[in-house]
Structures are given as structure tokens and as C-alpha cells.
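The structure under discussion appears below in the form of C-alpha cells.
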Amino acid sequence: MSKTKKSSKAEKAVDPLEALQAQVTEANDKYLRLYAEFDNFKRRTSKERIELLQTAGKEVIISLLPVLDDFERGLKSMEQATEVTPIKEGIALVQHKFKNTLSQLGLKEMDTQGQVFDADIHEAITNIPAPSDALKGKIVDQLEKGYYLNDKVIRFAKVVVGQ
């Protein structure tokens, strides 16, 4: 009987060591799986980001293709035109269609004439003496329009400010 008691004590002494080794092996396996999963996640998101950047302008370009078609038709009709008035009207129609397409995509023109100069949305090209006291510190002339895209400034308006 004493031999069985000694052998069971030896087994109990070995069991915690084996249990710890099993836990270490299991933790290492979990770590490797988690690392591989994270690596796959990084690779997949990187690939998705690249695809998004490559196709980000696709919808904008598709919406502008009808305007391009109109310009091409206008150029063909200008070759055979004898009067200027219909060509002017055609160009005005194409410009109107172009503006409407851009506004549907979220583009909005800035209204600057007579507004108070704001450096956050305007770029002062020059200052001139104000024609009247009411125009001091306000925009007297606009050299280049400014635009918002979904209420965010994408191009500052280039303006002349009265002083």
C-alpha cells in the first residue's frame, strides 16, 4: 500500500505541471489564432480602403457623363451652325445642366456680394477704398466663386474687400 501512496503523490505532483503546460499551450494557440485573425483583418481593411479610393469618384464621373455627351453634341452642331444665337442657348443649357448635376452631388455656391469678410470662407485678394461707409469691411467684388460641398468649404471665394 505504501507504494501506491507514493505513486499517487508523484502523479499529483506531475499533474499541476502538466496542467500548466496545457494552459500555456492553449494560451499560445489562442494568441496565434488571434494574431492571425488580426493580420487578416488588417489585410482585408487595407484592401477595402484601396478599392474605396479607386472607386470613390466613380459616381461623380457617372453623373457627369451626360453633360460630357451634351458638350460633344454641341461641338458637332457648332461645326455646321451658321447662327450664333442657338449656340449660345445650347451652351447655356449645358451649363445649367452641369450646375444642376453638381448641386445634386452636394455642391453649393457661396453668396459673397455685400457680405462681411470672413477669413474662414473668403480669400481677400486686395483691399480698396469702400465706395460707401456701408461697405467698409464688406465684400465689394468677387473675382472667383467659392463653393461648399455638403456644407464644407472646398474652395474659398477670392474677393475684394472695402476698407
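Here the structure is a predicted model, which means the values were calculated and not measured.
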Atom pair [atom1]/[atom2] of [X] and [Y] - distance to nearest 0.5 Å:
| X | Y | atom1 | atom2 | value |
| --- | --- | --- | --- | --- |
| Asp29 | Glu26 | CG | CD | 8.0 Å |
| Asp39 | Arg43 | CG | CZ | 4.5 Å |
| Thr45 | Leu52 | OG1 | CG | 12.0 Å |
| Leu107 | Tyr148 | CG | OH | 11.5 Å |
| Thr82 | Ile87 | OG1 | CD1 | 8.5 Å |
| Asp15 | Glu18 | CG | CD | 6.0 Å |

Taking all heavy atoms of [X] and all of [Y], pick out the closest pair and write down the distance.
| X | Y | result |
| --- | --- | --- |
| Thr55 | Glu51 | OG1-O, 2.9 Å |
| Val140 | Gln113 | O-NE2, 2.6 Å |
| Gly137 | Val161 | C-CG1, 4.0 Å |
| Lys138 | Gly114 | CD-O, 3.4 Å |

Met78/Leu75 under side chain to side chain contact (heavy atoms under 4.5 Å, CB included): CA gap, chis, key distance, verdict: CA-CA 5 Å; Met78 282 179 21; Leu75 286 172; 4.2 Å; yes

Would a single hydrophobic cluster contain both [Y] and [X], if residues Ile, Leu, Val, Met, Phe, Trp and Tyr are joined by side-chain heavy-atom contacts under 4.5 Å?
| X | Y | result |
| --- | --- | --- |
| Leu135 | Phe117 | no |
| Leu105 | Val94 | yes |
| Ile121 | Ile125 | no |
| Leu93 | Phe71 | no |
| Val153 | Tyr147 | no |

Between Arg73 and Asp69, does any NZ, NE, NH1 or NH2 come within less than 4.0 Å of an OD or OE carboxylate oxygen?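 Looking at Arg73 together with Asp69, the answer is no, because their closest N to O distance does not fall below 4.0 Å.
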
Are Glu72 and Lys76 close enough for a salt bridge, meaning some N to O gap below 4.0 Å?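 No, no charged N to carboxylate O under 4.0 Å.
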
Applying side chain to side chain contact (heavy atoms under 4.5 Å, CB included) to Lys30 and Leu34, what does each step give before you reach the verdict? CA-CA 6 Å; Lys30 283 183 181 179; Leu34 186 62; over 6 Å; no

Examine distances only and state if a side-chain atom of [X] and a backbone atom of [Y] form a donor-acceptor pair shorter than 3.5 Å.
| X | Y | value |
| --- | --- | --- |
| Ser46 | Lys42 | no |
| Gln163 | Lys136 | no |
| His122 | Asp118 | yes |

Going by heavy atoms in the side chains, are Phe98 and Leu64 under 4.5 Å from each other?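 Side-chain contact under 4.5 Å: yes.
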
For the residue pair Ser63 and Gln104, establish whether any side-chain heavy-atom pair is separated by less than 4.5 Å.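 Answer no - side chains too far apart.
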
Tell me, yes or no, whether the heavy-atom count around Glu83 atom CD, taken from other residues, nucleotides or ligands under 6.0 Å, exceeds 12.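 Incorrect, the count does not exceed 12.
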
Is the number of heavy atoms from other residues, nucleotides or ligands within 6.0 Å of CG (Asp151) greater than 12?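 No.
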
Begin with the C-alpha distance, continue with both residues' side-chain angles, and end with the deciding distance and a verdict on side chain to side chain contact (heavy atoms under 4.5 Å, CB included) for Lys145 and Arg155. CA-CA 8 Å; Lys145 288 182 183 179; Arg155 186 170 88 179; 4.3 Å; yes

Quick one, Glu123 with Glu144, criterion side chain to side chain contact (heavy atoms under 4.5 Å, CB included). Give me CA distance, side-chain angles, the key distance, then yes/no. CA-CA 10 Å; Glu123 181 180 339; Glu144 192 173 86; over 6 Å; no

